Amino acid sequence: MKITKANGKAEYALVENLKKRAGETDAKIVDIVTNILKSVKDDGDEAVREFTVRFDGGLPKKFIIEKDELQDYLDKVDDDFKNAIINAKNNIFDFHQRQAQQSWLTTKENGVIMGQRVRGLKRVGIYVPGGTAAYPSSVLMNAIPAKIAGVEEIIMVTPPGKDGNPNENIMAAAAVAGVDRVFLVGGAQAVAALAYGTEKIPKVDKIVGPGNIFVATAKKLLYGVVDIDMVAGPSEILIVADRTAEPSFLAADLMSQAEHDTLASAILLTTSSELAKATLREIDKQVKYLDRQEIILQSLENYGEIIVCEDLQQAIDFANELAPEHLELCISEPLKYIGKVDNAGSVFLGNWSPEPLGDYYAGPNHVLPTSGTARFFSPLSVDSFIKKSSFIYYTPAELRNAKDDIIKLADTEGLTAHANSIKVRFE
């Protein structure tokens with residue numbers, strides 16, 4: 001992990017390097033996934049079973065787990081974990097319920113009525129990885145906003161373990177979050193089954209949740225058949241720190257994201273050369289005791305960097321250029337700068353608000369835009385699971401008052417049938 005002095009040019013070489021990570025999906029993977037999608041669309045559950053045997057080595061002991069059965073898993077996990085996910089659930093619910101929108105209408109004095117109807121999607125599918133990437137926190141973050149939005153049914157798909165059984169921690173989280181049914185199937189075939197529907201797996205309106213490159217490619221290819229949350233890239237953290245920051249905290253926070261993936265990026269922007277050097281020393285000291293140190297070191301070497309800036313404003317400007325997934329402001333007056341942060345998925349203020357607080361517990365969603373898309377995308381929210389319809393009521397008198405303008409606009413666009421729809425009412 002190198003230290004670079006910002007000069008208006010050197011630091012932007014990092015931006016170009018990060019862009020290279022998000023290269024186009026390998027054509028071979030697209031071909032494989034395309035064939036899987038077609039097979040599931042044509043042959044339904046039979047294709048799902050065949051791919052499950054081929055990729056997972058066998059079929060699960062039980063394919064469907066109903067809602068009442070999920071509650072049994074709460075008794076199988078240890079009490080500390082159970083209490084932790086319940087406490088996290090309460091925080092996540094409290095934050096997201098404030099995002100809920102209401103339907104509305106307005107009645108004007110002339111008798112015109114207009115409004116908007118807001119309602120939840122009918123059915124949503126949540127993909128939850130298994131194996132070493134089994135994250136119960138993702139179940140909470142995806143299901144709870146959907147519940148608040150009023151989604152009628154939440155379907156979860158997750159691959160079974162090698163023993164044919166589901167991950168108990170994931171099942172416990174599903175129970176706490178209010179998931180309605182679980183199907184033990186993973187991979188692109190699970191995504192296809194949710195998008196097209198099979199004899200056993202119902203068709204959904206939207207698919208959310210993380211997955212490997214095959215899952216991500218399937219979601220991308222199926223966008224339009226169903227809605228999706230986003231095409232997520234490698235995890236990112238950008239920390240802005242002044243001389244008041246604690247190097248041991250900075251090192252720990254950088255590595256908390258680097259451990260996700262060798263493609264993850266962890267960047268520190270600081271106004272202090274001494275802090276930069278001290279943070280590197282802390283990384284060397286702490287990484288020796290971490291389980292995923294090989295991944296961390298590779299990530300930091302290839303996509304990590306410490307950039308020494310002239311002042312905090314230069315650091316904030318560069319942060320807005322990068323538009324990171326996670327942004328920490330480890331500075332003496334973080335609230336002073338929050339209004340200057342335009343592009344970031346989630347912002348963590350001060351030395352005592354580390355990124356894992358948001359990943360697991362505080363309440364804001366951890367499904368965030370990556371690869372610079374925070375410039376125009378938002379975190380997963382209650383809004384992600386609703387649809388809106390507008391409605392209009394005009395009286396005959398008010399349509400008469402508006403008719404000349406409407407006819408003029410329609411004729412200008414060459415849409416005479418539109419104009420005629422208005423004219424016939426007053427002939």
Side-chain angles (χ1 to χ4, degrees), residues 19-60 63-64 124-135 138 142 155-164 166-167 170 182-235 260-264 295 298-299 302-303 367 369-371 373:
K19 287 179 180 178
K20 293 176 183 177
R21 295 179 311 163
E24 294 298 320
T25 304
D26 189 293
K28 291 181 179 178
I29 292 176
V30 173
D31 287 343
I32 292 170
V33 172
T34 300
N35 289 330
I36 292 172
L37 301 186
K38 184 179 185 305
S39 296
V40 173
K41 183 179 181 181
D42 293 343
D43 300 323
D45 287 330
E46 181 180 346
V48 171
R49 284 192 295 269
E50 289 178 0
F51 288 123
T52 299
V53 172
R54 184 190 307 179
F55 299 132
D56 295 333
L59 295 173
F63 184 55
I64 305 174
V124 166
I126 299 177
Y127 188 94
V128 180
T132 57
Y135 301 133
S138 289
N142 283 279
I155 303 295
M156 190 174 93
V157 292
T158 186
K162 293 181 180 180
D163 61 358
N167 180 291
I170 287 177
V182 177
F183 292 86
L184 294 185
V185 57
Q189 65 269 26
V191 178
L194 290 172
Y196 295 122
T198 67
E199 297 89 338
K200 292 183 178 179
I201 301 177
K203 180 180 180 179
V204 303
D205 301 311
K206 183 165 188 166
I207 301 172
V208 298
N212 62 20
I213 187 64
F214 295 96
V215 170
T217 302
K219 287 170 64 179
K220 187 174 182 179
L221 292 174
L222 288 167
Y223 177 60
V225 177
V226 290
D227 191 17
I228 63 172
D229 46 1
M230 62 186 73
V231 180
S235 188
H260 272 298
D261 187 347
T262 56
L263 294 175
I295 293 174
Q298 189 173 340
S299 167
N302 293 330
Y303 302 107
V367 181
T370 61
S371 303
T373 59

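These figures come from a predicted structure and were not determined experimentally. We count residues from 1, following the sequence as given.
- Rounded to the nearest 0.5 Å, atoms CZ (F214) and CD1 (I32) are 5.0 Å apart.
- Of all the heavy atoms in P159 and P129, the pair that sits closest is CD-C, 4.2 Å.
- Counting non-hydrogen atoms of neighbouring residues, nucleotides and ligands closer than 6.0 angstrom, the CZ atom of F55 exceeds 12 such neighbours.
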Verify side chain to side chain contact (heavy atoms under 4.5 Å, CB included) between V157 and V182, making sure each step is shown before the conclusion.
CA-CA 6 Å; V157 292; V182 177; over 6 Å; no
Go through it in stages, so that I can follow the logic: the residues are Y127 and V208, the test is side chain to side chain contact (heavy atoms under 4.5 Å, CB included), and I'd like the CA-CA distance, side-chain angles, deciding distance and then a yes or no.
CA-CA 6 Å; Y127 188 94; V208 298; over 6 Å; no
Walk me through it: do D229 and K219 pass the test salt bridge (Lys or Arg N to Asp or Glu O under 4.0 Å)?
CA-CA 9 Å; D229 46 1; K219 287 170 64 179; 2.7 Å; yes
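- A heavy-atom distance below 4.5 Å is found between the side chains of P202 and F183.
- Between G164 and L184, the closest heavy-atom pair is O-CD1, 4.3 Å.
- Between the CE atom in M156 and the CD1 atom in I170 there is a gap of 6.0 Å [rounded to 0.5 Å].
- The shortest side-chain heavy-atom distance between V124 and V204 does not fall under the 4.5 Å cut-off.
- How far CZ of R49 is from CG of D43: 10.5 Å, rounded to the nearest 0.5 Å.
- Taking CD of Q298 as the reference point, atom CG of L263 lies at 8.5 Å (rounded to 0.5 Å).
- Atoms CG and CD1, from L222 and I207 in turn, are 6.0 Å apart once rounded to the nearest 0.5 Å.
- Of all non-hydrogen atoms in S39 and A47, the two that sit nearest each other are O-CB, 3.5 Å.
- Judged by distance alone, the side chain of T217 and the main-chain N or O of V30 form no donor-acceptor pair under 3.5 Å.
- No side-chain heavy atom of D205 sits under 4.5 Å from any side-chain heavy atom of V226.
- When all heavy atoms are compared, the tightest approach of N167 to A134 is ND2-CB, 3.7 Å.
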Cut-off 3.5 Å, no hydrogens considered: what does the side-chain donor-acceptor table look like for residues 185-200, sequence neighbours left out?
from : atom 1 : to   : atom 2 : distance (Å)
Q189 : NE2    : G186 : O      : 3.0
T198 : OG1    : D45  : OD1    : 2.6
T198 : OG1    : K200 : N      : 3.3
T198 : OG1    : I201 : N      : 2.9
E199 : OE1    : D45  : N      : 3.1

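- To the nearest 0.5 Å, the span separating OG1 on T373 from CE on M230 amounts to 7.0 Å.
- Between A264 and Y303, the shortest heavy-atom contact is O-CB, 3.5 Å.
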Going through the distances and angles, do L37 and L221 end up as a side chain to side chain contact (heavy atoms under 4.5 Å, CB included)?
CA-CA 9 Å; L37 301 186; L221 292 174; 3.9 Å; yes
Steps toward side chain to side chain contact (heavy atoms under 4.5 Å, CB included) verdict (V33, K220):
CA-CA 10 Å; V33 172; K220 187 174 182 179; over 6 Å; no
